[in-house]
*Asks:* 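There's a structure below that I have some questions on.
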2 protein chains.
Amino acid sequence: MRALAHPDRGELQLDTVLSALSDPVRRRIIGQLADGPDDQACSAFQLPVSKSTSTHHFRVLREAGLIEQHYSGTSILNTLRAADLEARFPGLLQAVLQASRHEAPSPTAERL
Amino acid sequence: MRALAHPDRGELQLDTVLSALSDPVRRRIIGQLADGPDDQACSAFQLPVSKSTSTHHFRVLREAGLIEQHYSGTSILNTLRAADLEARFPGLLQAVLQASRHEAPSPTAERL
DNA sequence: CCCATTGTACGATAACTCTAGTAGTACGAA
DNA sequence: TTCGTACTACTAGAGTTATCGTACAATGGG
């Protein structure tokens, strides 16, 4: 029950991935996942939007295949699908992450 | 007269660039510019959209800073701003181009 | 000057996105 | 069972985007 749909590695679409990455809130999520540990709950992210909007962004990321989500009690744990992305679109994620860091020197303090 | 506004290299925004690249028509334009010569006229692109929609996509690419456009007679010549992009977002353009080729093996024949 | 070529501007429409509020579900703890 | 936490679903509004048709402007060639 409460299964969350994820696209397979082979189903990843460049369109969807780039479109998911074009939102700053979602890039912030991806950045925190890339820099921090795996399995971070949604509540571990300090996002400048409401809870329902957060849910929306996490869903977009999951459906694009950028993150993997699975339930653990009342929480959902999020993990970056770095290997899948690297296999399908080599260098893309790293380039975006680097560009993102360059653009926002202090991600935790930025206003967004 | 008929000056076309372009963002400076330092003004390039990751948001805008990724969002511009998330459309397949625009990726096709970028791909053809990357693989072909500089200064290709808009009419050199066989796009599956109307002329006015084409204009729209070229404008989005120019305003995002991905291409440089300048008039030459009745035509506009388009050039990929590869150096500017590489300076600001290293590896990003190449990663997208490679992913794009991988996803669409024969760009000229694809249905889009 | 007339005309063909090339691209723009404008108006319209349908679809999508981001945002939030409200209500509800699943789970763990007391 | 009752409560709090964590997150989702649904609904809705505001804004943006992609698309096109039509009309128009700029240039170069005869």
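Throughout, a chain's letter reflects where its sequence line sits, starting with A, and its residues are numbered from 1.
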*Asks:* Between A:Asp23 and A:Val25, is there a donor-acceptor pair closer than 3.5 Å when you use the side chain of the first and the backbone of the second?
*Replies:* yes

*Asks:* For C:dG7, take OP1 and OP2 only and decide whether either is under 4.0 Å from a side-chain N or O of B:Thr55.
*Replies:*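 No, B:Thr55 has no side-chain N/O under 4.0 Å of OP1/OP2 on C:dG7.
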
*Asks:* Any side-chain to backbone donor/acceptor pair from B:Arg26 onto B:His57? Under 3.5 Å, distance only.
*Replies:*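 Checked: no pair found.
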
*Asks:* A:Leu47 CG to D:dC7 P: how many Å, rounded?
*Replies:*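 Distance check: A:Leu47 CG to D:dC7 P gives 11 Å.
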
*Asks:* I need the CD1-C1' distance between A:Ile67 and D:dC7, as an integer number of Å.
*Replies:*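 Interatomic distance, CD1 of A:Ile67 to C1' of D:dC7: 13 Å.
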
*Asks:* So does A:Glu11 have more than 12 non-hydrogen atoms from other groups sitting under 6.0 Å from CD?
*Replies:*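 Check passes, neighbour count above 12.
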
*Asks:* To the nearest Å, give me how far apart CZ (B:Phe45) and C1' (C:dG7) are.
*Replies:* 14 Å

*Asks:* Expressed as a whole number of angstroms, how long is the span from B:Gln46:CD to C:dT6:P?
*Replies:*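 That distance rounds to 12 Å.
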
*Asks:* Using atom NE2 of B:His70 as one end and atom C1' of C:dG7 as the other, report the distance to the nearest whole Å.
*Replies:*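 Taking atom C1' of C:dG7 as the reference, NE2 of B:His70 is at 15 Å.
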
*Asks:* Could you run down the sub-3.5 Å N/O contacts of the protein with nucleotides 19-22 of chain C?
*Replies:*
{"unit_1": "C:dT19", "atom_1": "OP2", "unit_2": "A:His57", "atom_2": "NE2", "d": "2.5"}
{"unit_1": "C:dA20", "atom_1": "OP2", "unit_2": "A:Ser50", "atom_2": "N", "d": "2.8"}
{"unit_1": "C:dA20", "atom_1": "OP2", "unit_2": "A:Ser50", "atom_2": "OG", "d": "3.4"}
{"unit_1": "C:dA20", "atom_1": "OP2", "unit_2": "A:Thr53", "atom_2": "OG1", "d": "3.0"}
{"unit_1": "C:dA20", "atom_1": "N7", "unit_2": "A:Ser52", "atom_2": "OG", "d": "3.2"}
{"unit_1": "C:dG21", "atom_1": "N7", "unit_2": "A:Ser52", "atom_2": "OG", "d": "3.2"}
{"unit_1": "C:dG21", "atom_1": "O6", "unit_2": "A:Ser52", "atom_2": "OG", "d": "3.4"}

*Asks:* Round to a whole Å and report the spacing from CG of A:Leu4 to C1' of D:dA9.
*Replies:* 13 Å

*Asks:* Looking at residues at least two apart in the chain, or sitting in another chain, which of them share a side chain to side chain contact (heavy atoms under 4.5 Å, CB included) with A:Ser43?
*Replies:*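 With neighbours one apart ignored, the set is A:Ala41.
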
*Asks:* Starting the side chain at C-beta, find the nucleotide from D:dA18, D:dC7, C:dT8 nearest to A:Ser43.
*Replies:*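 Out of D:dA18, D:dC7, C:dT8, the nucleotide with an atom closest to A:Ser43's side chain is D:dC7.
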
*Asks:* Using atom CG of B:Leu18 as one end and atom P of D:dT16 as the other, report the distance to the nearest whole Å.
*Replies:* 19 Å

*Asks:* Return no unless some side-chain N or O of A:Thr74 is found under 4.0 Å from OP1 or OP2 of C:dG28.
*Replies:* no

*Asks:* Between D:dT19 atom P and B:Phe58 atom CZ, what is the distance in whole Å?
*Replies:*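 To the nearest whole Å, that distance equals 13 Å.
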
*Asks:* Distance-only criterion, 3.5 Å: show the donor-acceptor pairs between side-chain atoms of residues 13-22 of chain B and protein atoms not counting sequence neighbours.
*Replies:*
{"unit_1": "B:Asp15", "atom_1": "OD1", "unit_2": "A:Arg27", "atom_2": "NH1", "d": "3.2"}
{"unit_1": "B:Asp15", "atom_1": "OD1", "unit_2": "A:Arg27", "atom_2": "NH2", "d": "2.4"}
{"unit_1": "B:Ser22", "atom_1": "OG", "unit_2": "B:Ser19", "atom_2": "O", "d": "2.8"}

*Asks:* Would you say B:Gln94's side chain and B:Gly91's backbone share a donor-acceptor pair under 3.5 angstrom?
*Replies:*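 Not confirmed, B:Gln94 side chain does not pair with B:Gly91 backbone.
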
*Asks:* When you check the phosphate oxygens OP1 and OP2 of D:dC7, does a side-chain N or O of A:Arg59 lie under 4.0 Å from one of them?
*Replies:*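 Looking at the OP1 and OP2 atoms of D:dC7, neither is under 4.0 Å from any side-chain N or O of A:Arg59.
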
*Asks:* Strictly distance-based, threshold 3.5 Å: is any side-chain N or O of A:Ser75 a donor or acceptor partner for the main-chain N or O of A:Tyr71?
*Replies:*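 Flag not set: sc A:Ser75 to bb A:Tyr71 has no pair under 3.5 Å.
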
